[in-house]
Each structure stands twice: as C-alpha cells, then as structure tokens.
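The basis for the numbers below is simple: all heavy atoms, side chains too, and nothing from hydrogens, waters or symmetry mates.
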Amino acid sequence: MSNPENFIDEVTEEVRRDKLFALMRKYGWIAVTLVVLLVGGAAYNEWSKARAEAKAEALGDAILATEELADAAARKAALAELPVAGDARAIVVLLQADEDGKVAADQLAEMADDANLPKIYRDLAALKLVMQADGGLSAEDATARLAPLLQAGAAFRVLAEEQMALVELSNGDKEAAISRLQALLLDEEASRALRQRASQLIVALGGALAAS
C-alpha cells in the first residue's frame with residue numbers, strides 16, 4: 001500500500017502547488033503592490049524627515065545671521081523677510097519684539113491668544129507684551145495677561161511676579177508692590193539678577209530688606 005499512498009500524496013502535493021501558482025498569478029500583483037507601497041512610503045518618509053531637518057537648519061542659520069547684524073534697522077528688516085510659520089514664526093515675532101516693541105505689540109497679543117501654539121510660547125508672548133513700555137496695555141489688561149503666568153509651576157512665574165509688582169506700583173499700590181518684591185527675595189526660583197533688581201526697587205520705594 002505504500003506505493004499507491006506515496007503516489008496519492010505526490011498528486012495531492014502537485015494539485016496544491018498548481019493551486020498556489022494559480023493564486024499567485026491571479027493575486028500576486030496585490031502583494032507586489034503592497035511591497036512597493038511599503039518601501040516607497042518608508043523612502044518618502046525618510047526623505048520628508050531629511051527635507052524638514054534641512055529646512056529647519058537653514059531657517060536657524062538665517063535667524064542667527066540676522067542676529068549678527070550690527071545695525072538694528074537691518075536686523076528688523078531681515079527678521080521681517082524670513083519665510084516662517086507656526087513655532088518658527090513665534091520665535092521670530094519674539095525676536096522682533098526685542099527690536100521694535102511698538103510694531104510687534106499686535107503680533108505678541110495674537111500669539112498670546114493663539115491656542116494652536118505651545119503654551120510656553122503663548123506665556124512668553126504675554127510676558128513680553130506686558131514688559132513693553134509702548135505695548136499700549138492698561139493696568140487692568142496687564143493684570144489679566146499676567147494672571148495665568150502667576151500660577152504655581154508656570155514657566156515664567158517669577159518674572160511675572162516682578163512685572164506684577166510694577167503694575168501694582170503704577171496703580172499706586174506701593175505696599176502691595178513692596179510685599180511682592182520682598183517675597184521674591186525668598187523665592188528659590190528667582191535668579192540672583194532678579195533678586196538684585198527686586199532689592200534695588202524695594203530700597204528705592206523706601207521698603208525694608210529684612211525679609212531677605
């Protein structure tokens with residue numbers, strides 16, 4: 001019985017092989033297409049990453065080049081000509097604010113209210129807007145801008161505390177300003193430079209440095 005059984009097995013195997021070849025001829029193009037798409041997609045993904053990195057590096061070089069210009073007007077003009085969007089635009093606007101606060105005030109306000117930007121950019125834009133002497137903010141507007149920045153854990157909290165003291169001072173509330181500045185002297189997150197500014201202002205206002 002061994003020979004007939006072997007023959008049957010061989011025939012069965014041939015039938016299976018023929019069916020497999022038939023399926024491959026009929027549907028093999030699908031597998032080939034999938035492989036091509038996968039390989040092509042991976043290649044395009046790598047190309048896109050490389051292109052994005054090259055673009056980011058070029059923009060970074062361009063920004064650094066503008067900052068190296070000695071003439072303020074030339075720096076401002078160069079920054080305005082940079083083709084930027086998204087996070088890069090936020091960085092350029094913040095640099096523009098350093099060059100010309102009056103021109104950039106509206107852009108800073110727009111940035112501070114842009115929910116699509118990362119919070120750290122929005123907070124920094126709000127802080128810079130308050131810090132600008134010609135930003136056009138009233139004391140009430142400045143207080144509203146600073147309020148979220150004064151929360152515990154906020155990235156620029158101690159700088160916002162300093163600005164809030166200046167707002168209180170502009171409102172005629174000298175005691176509140178001195179108290180806030182004295183608290184900054186004990187704040188572990190405050191830098192040495194900030195504590196020095198706070199100390200100088202306290203003394204100028206006639207306050208005591210005993211809290212330090």
Side-chain angles (χ1 to χ4, degrees), residues 63 66-67 69-73 75-76 79-80 84 86-212:
I63 292 175
T66 62
E67 291 301 291
L69 295 174
D71 183 66
R75 286 197 305 271
K76 186 171 69 173
L79 286 171
V84 291
D87 292 1
R89 176 179 176 275
I91 293 172
V92 169
V93 170
L94 292 172
L95 291 173
Q96 286 176 320
D98 292 335
E99 297 296 337
D100 191 338
K102 187 174 183 180
V103 172
D106 291 341
Q107 291 176 299
L108 286 173
E110 181 183 345
M111 273 182 57
D113 298 330
D114 189 347
N116 294 320
L117 286 176
K119 188 176 186 302
I120 191 167
Y121 289 134
R122 301 200 306 270
D123 288 352
L124 187 54
L127 181 62
K128 277 187 169 289
L129 182 60
V130 173
M131 292 173 66
Q132 288 179 346
D134 50 2
L137 290 182
S138 64
E140 292 76 12
D141 290 339
T143 299
R145 290 288 186 186
L146 290 172
L149 280 62
L150 296 172
Q151 301 299 318
F156 308 107
R157 182 185 60 79
V158 291
L159 293 175
E161 292 282 2
E162 180 184 26
Q163 292 303 311
M164 192 65 219
L166 296 177
V167 172
E168 290 168 338
L169 188 59
S170 69
N171 272 339
D173 197 347
K174 186 171 74 171
E175 293 303 319
I178 292 175
S179 178
R180 191 179 295 274
L181 291 169
Q182 288 174 334
L184 276 176
L185 296 180
L186 300 174
D187 198 315
E188 294 181 354
E189 296 182 19
S191 66
R192 179 178 298 180
L194 194 156
R195 291 178 185 177
Q196 184 176 3
R197 291 197 303 271
S199 297
Q200 291 172 346
L201 187 53
I202 290 171
V203 171
L205 294 174
L209 297 178
S212 62

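The side-chain contact (heavy atoms from CB on, under 4.5 Å) test applied to Leu194 returns Val158, Leu159, Glu162, Leu184, Ala190, Ser191, Arg197, not counting sequence neighbours. Listed by chain and residue number, Asp187, Glu189 satisfy the side chain to side chain donor-acceptor pair (under 3.5 Å) test with Arg157 (two or more places apart in sequence, or in another chain). Taking Asn171 as the reference, nothing meets the side chain to side chain donor-acceptor pair (under 3.5 Å) condition, with sequence neighbours excluded. For Asp113, the side chain to side chain donor-acceptor pair (under 3.5 Å) partners are Arg145, not counting sequence neighbours. When the side-chain contact (heavy atoms from CB on, under 4.5 Å) test is applied to Gln151, no partner is found at least two apart in sequence or on another chain. Residues satisfying the side-chain contact (heavy atoms from CB on, under 4.5 Å) test with Arg180, not counting sequence neighbours, are Leu150, Glu161, Met164, Ala165, Glu168.
The heavy-atom pair separating Ile202 from Ala208 by the smallest distance is CG2-O, 3.6 Å. Minimum interatomic distance between Ala125 and Ala112 (heavy atoms only, all atoms of both residues): CB-N, 3.9 Å. In terms of heavy-atom proximity, Ser170 sits nearest to Val167 at OG-O, 2.6 Å. Closest heavy-atom contact between Phe156 and Asp123: CD1-CB, 3.9 Å.
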- Start with the C-alpha distance between Leu129 and Asp141, add both sets of side-chain angles, then the distance that settles side-chain contact (heavy atoms from CB on, under 4.5 Å), and finish with yes or no. CA-CA 10 Å; Leu129 182 60; Asp141 290 339; over 6 Å; no
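Note: Asp106 CG to Met111 CE = 13.5 Å, rounded to the nearest 0.5 Å. One finds the CG atom of Leu146 at 10.5 Å from the CE atom of Met131 (value rounded to the nearest 0.5 Å). Atoms OG and NZ, from Ser179 and Lys174 in turn, are 13.5 Å apart once rounded to the nearest 0.5 Å. Interatomic distance, CG of Leu205 versus CD1 of Ile178, reported as 5.0 Å (0.5 Å rounding).
Remark: Ile120 CD1 is loosely packed, at most 12 non-hydrogen atoms of other residues, nucleotides or ligands lying under 6.0 Å away.
Side-chain contact between Leu149 and Val130 is absent, with no heavy atoms from C-beta onward closer than 4.5 Å.
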